[in-house]
Amino acid sequence: MSEQETQPESYDVEAVQEKWLPVWDELQPFRADDDSAREKKYALTMFPYPSGDLHMGHAEVTALHDVIARYWWQRGYEVLNPMGWDSFGLPAENAAIRNDEHPATYTYANIETQYESFKRYGISFDWSRRLHTSDPEYYRWTQWLFLKFRERGLAYRKSSPVNWCPNDQTVLANEQVVDGRCERCGAEVTKRELTQWYFKITEYAEELLSELDRLEPTWPARVVTAQRNWIGRSEGAHVDFAVSGRDEPITVYTTRPDTIFGTTFMVVAVDSALAAELVTDGQRAAFEAYREEIRKETEIERLSTDRPKTGVDLGVTATNPVTGAQIPVWATDYVLADYGTGAVMGVPGGDQRDWEFATVMGLEIVRTTQTPEGYDGEAYNGEGPAINSPAPGVDAPLDINGLAVADAKRATIDFLEQQGSGQGAVNFRLRDWLLSRQRYWGVPIPIIHCEKDGEVAVPYEQLPLELPELRGADLKPKGVSPLAAASEWVDVECPTCGGPAKRDSDTMDTFVDSSWYFLRYCSPNYTDGPFDVEKAKAWMPADIYVGGVEHAVLHLLYARFFTKVLRDMGMLDVGEPFASQLNQGIVINQGRKMSKSLGNGVSLGEQLAAYGVDAVRLTLVFAGPPEDDIDWADMSPAGSLRFLQRAWRLSGDVTSEPGTAPEGGDVALRRATAHAVHDAAELVESYRFNVMVARVMELVNATRKAIDSGCGPADPAVREAAEAVAIMLSLVAPFTAEEMWERLGHRPTVARAGWPAVDPALLVEESVTAVVQIQGKVRARLEVAPDVSEADLEQLALVDPAVVKAIDGRPVRKVIVRAPKLVNVVV
RNA sequence: GCCCCGGUAGCCCAACGGCAGAGGCGAUGGUCUCAAACACCAUUCAGUGUGGGUUCGAAUCCCACCCGGGGCACCA
């Protein structure tokens, strides 16, 4: 005990955490009131998947997110800050197979663990709105939405070559194939021809793209760019090439109709139905052999751009619509079956791929754009006048020679349209969203297949269509959904004719679940629809969405699509779900991503036990700009804790009474407080939280100095400063802030104390230091009034002895005055 | 190959085109201590990746290059 007295005061981190959690539970300071008269703000953060306990990544994103949410509360807004779980998905299913149990066991146990951890971590979530996408009360409405989308023609089934993950034994959406590998497990993806459910996201391609312009100022540039690339709009033309012995022409899509005179062959995707149909009997054997060869290749081999071009002559010829020339038609794997029309006009002079193909196959090469002087490349696709269009001496119905690329394009399209052999067209890289999955732990697709009536929707009143009870070995991947084997569940009567029918046995991609959860939060217990339309209109769009950039084209694109459809259904009055967005970096260690194999993982639990919640949160927020990665090895949570103790100590030193008016207190400290509060607000609003923390540190230092060697602890300015510190700190370190607030004589909770008022007069300095430069070098400093005129400041500068000496009698050529801070004299 | 973002002190990071330093970490010295830890006080260190340009003035704007990170990449 005697030791204790000689030591500086400090608080017991553990005890303070235990002390305040039940108080906050009692006060419920972050319950969002739908009917509040305050202005509303919606703070959204990406909900987690329940795999194990929370880790450093969760700690970072929620700490950053909470700064904004708590700031809004302090500023007097009614804040909706909900949290839930994206609780369908493969890890639970794989765990269930391993442990011979039900996926729900793993899922809900982990949710409970994470819930408890979030609570201890002190994030200002409104837990009354908690949801789980695997609850029947939730997925009932996912099924409802699917059926509504289907009624609008936006959900449909088709047979098509699809991405197949041989490891997870399920199909994947395009967005889930990364570099030819399964986004989830890394296995090489193969192709399969399957009949699957799709959402018609392409119907919204144009709007999904154009609205990005409006989002650009408030969304991270990399997300906007990624979505633009993914949607991939291009302008060009469809051109028809007549084929001998076939009624229908081959239609190609090209972005360079102006190069049509250089079309010396045609290429069709080898895996397209068109190629199989066009091939002549004489070439059929060669074609089928080639096709077999290509089918054996993996996506990774196929996507490699530097391998030689291959193909096979289909034996037919087509007619170039502008030259009338007969050109050969080939099949190849470098043309994609599912982009454009699956057929391309081969222009080796203008397209490097066609150049390579023509070179390998010995096909004619004609340049149709004048190459720049000294050009020694192969195909040329830059600017320049059209040539050989037509070639000298050739008589053609169209002549575009000499036209620049843009004009030549337009002239060609005009001609083709007049002639009825083509038209201008827009194409998108975006494909429809494949949503079926051949796995168990997801939302059952509410469709019944009847031999007589075909696809029949499960009647709305029968929703939710719940999953049958399957566990352990029943869930093993077999290439078809585990649901297909649950005959009691699958075999049903057709709702239309009453005859024998089968349920669709696939489940939905879990990205469907997460495409609308932010709407459910607005009325999580609503039973008459997926969400209460009026409440969604009141809260939406989310004012901020904080989360990882890995969802740049997955979740964020799907959620935008759902929002637009729901708007068109009259259920929302916004077409974009997220007004602004913040992507946090990741937490790494020793320059590398944390991983088991590297053994450099940092346990959140251990860090919290060692330094406490506030110090860990502060460290994450203070580390740097939120978008930057944090190398935990470079961080000092111990230093954060020291700072928090220092701040807390201020609250014990204040001797004035609570409620003491700050007016009349030490002016220097009052100015420091005003500046800190003013700057902190601006910094939070521009997501520069690390700088905001630095401002608070500055104020703590200034207050310490004032107490020890300045105006002393009784000065009202000291109380004002300490209270401002507590309130600002409440955004980052809620436990410490609460403890300070109590020691300052206030009742909980500091989280709702309100942002400190700033007297604008205190932000105006009495005098400022003006710098006088000669030739850009500082030669003198002057104390001047902040509103000094330019002329006065120039006069003051030019008579200053140091300036006079520096000028040394040389003629002054020019004087630049930036009142009140700077004068630069040029001699 | 193309497109973004970044490069400031030993380290993490600040700096409306205007004195290169707000804050933190570390290090060193001091106060306190028998000594140490803690705490407090003080000090230390770069001319902003490289080379040009614009400007009275450039870390900041422009060009080229180097390094690091990310995205896209047979989409016709």
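Naming convention: chains lettered A, B, ... in sequence-line order (proteins, then strands); numbering from 1 in each chain. What you see below is based on every heavy atom in this structure, not just the backbone, and it leaves out hydrogens, waters and symmetry mates.
N583(A) contributes a side-chain N or O that, together with a main-chain N or O of G547(A), makes up a donor-acceptor pair within less than 3.5 Å.
Between N701(A) and the phosphate of rG24(B), there is a side-chain N or O to OP1/OP2 separation shorter than 4.0 Å. Contact between the side-chain N/O atoms of R642(A) and the OP1/OP2 oxygens of rA39(B) is found at a separation under 4.0 Å. Note on Y339(A): a side-chain N or O is less than 4.0 Å away from OP1 or OP2 of rA76(B). Between N690(A) and rG23(B) there is no side-chain N or O to OP1 or OP2 distance below 4.0 Å.
Straight-line distance from the CE atom of M697(A) to the P atom of rG21(B): 21 Å, rounded to whole Å. If you measure from atom CZ of R228(A) to atom C1' of rC4(B), you get 12 Å, rounded to the nearest angstrom.
Atom name C1', nucleotides rU43(B) and rG21(B): the rounded distance is 16 Å, in whole Å.
In summary, of the residues considered (W330(A), F357(A), W355(A)), a ring pair (Phe, Tyr, Trp, His ring centres under 6.0 Å) with F265(A) occurs for F357(A) alone.
The listed nucleotides are rA15(B), rC56(B), rC19(B); the one nearest the side chain of V771(A) is rC19(B).
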Going by atom type alone, with no hydrogens or angles, which donor-acceptor pairs under 3.5 Å involve a side-chain atom of residues 812-827 of chain A and a protein atom two or more places apart or on another chain?
unit_1: R813(A); atom_1: NH1; unit_2: V827(A); atom_2: O; d: 3.4
unit_1: N824(A); atom_1: OD1; unit_2: G776(A); atom_2: N; d: 3.2

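The salt bridge (charged side-chain N to carboxylate O under 4.0 Å, His left out) analysis of residues 422-432 of chain A, with sequence neighbours excluded, yields the pairs D338(A)-R431(A).
When each of D628(A) and G639(A) is assigned the nucleotide of RNA chain B with its nearest heavy atom, D628(A) is the one assigned upstream, toward the 5' end.
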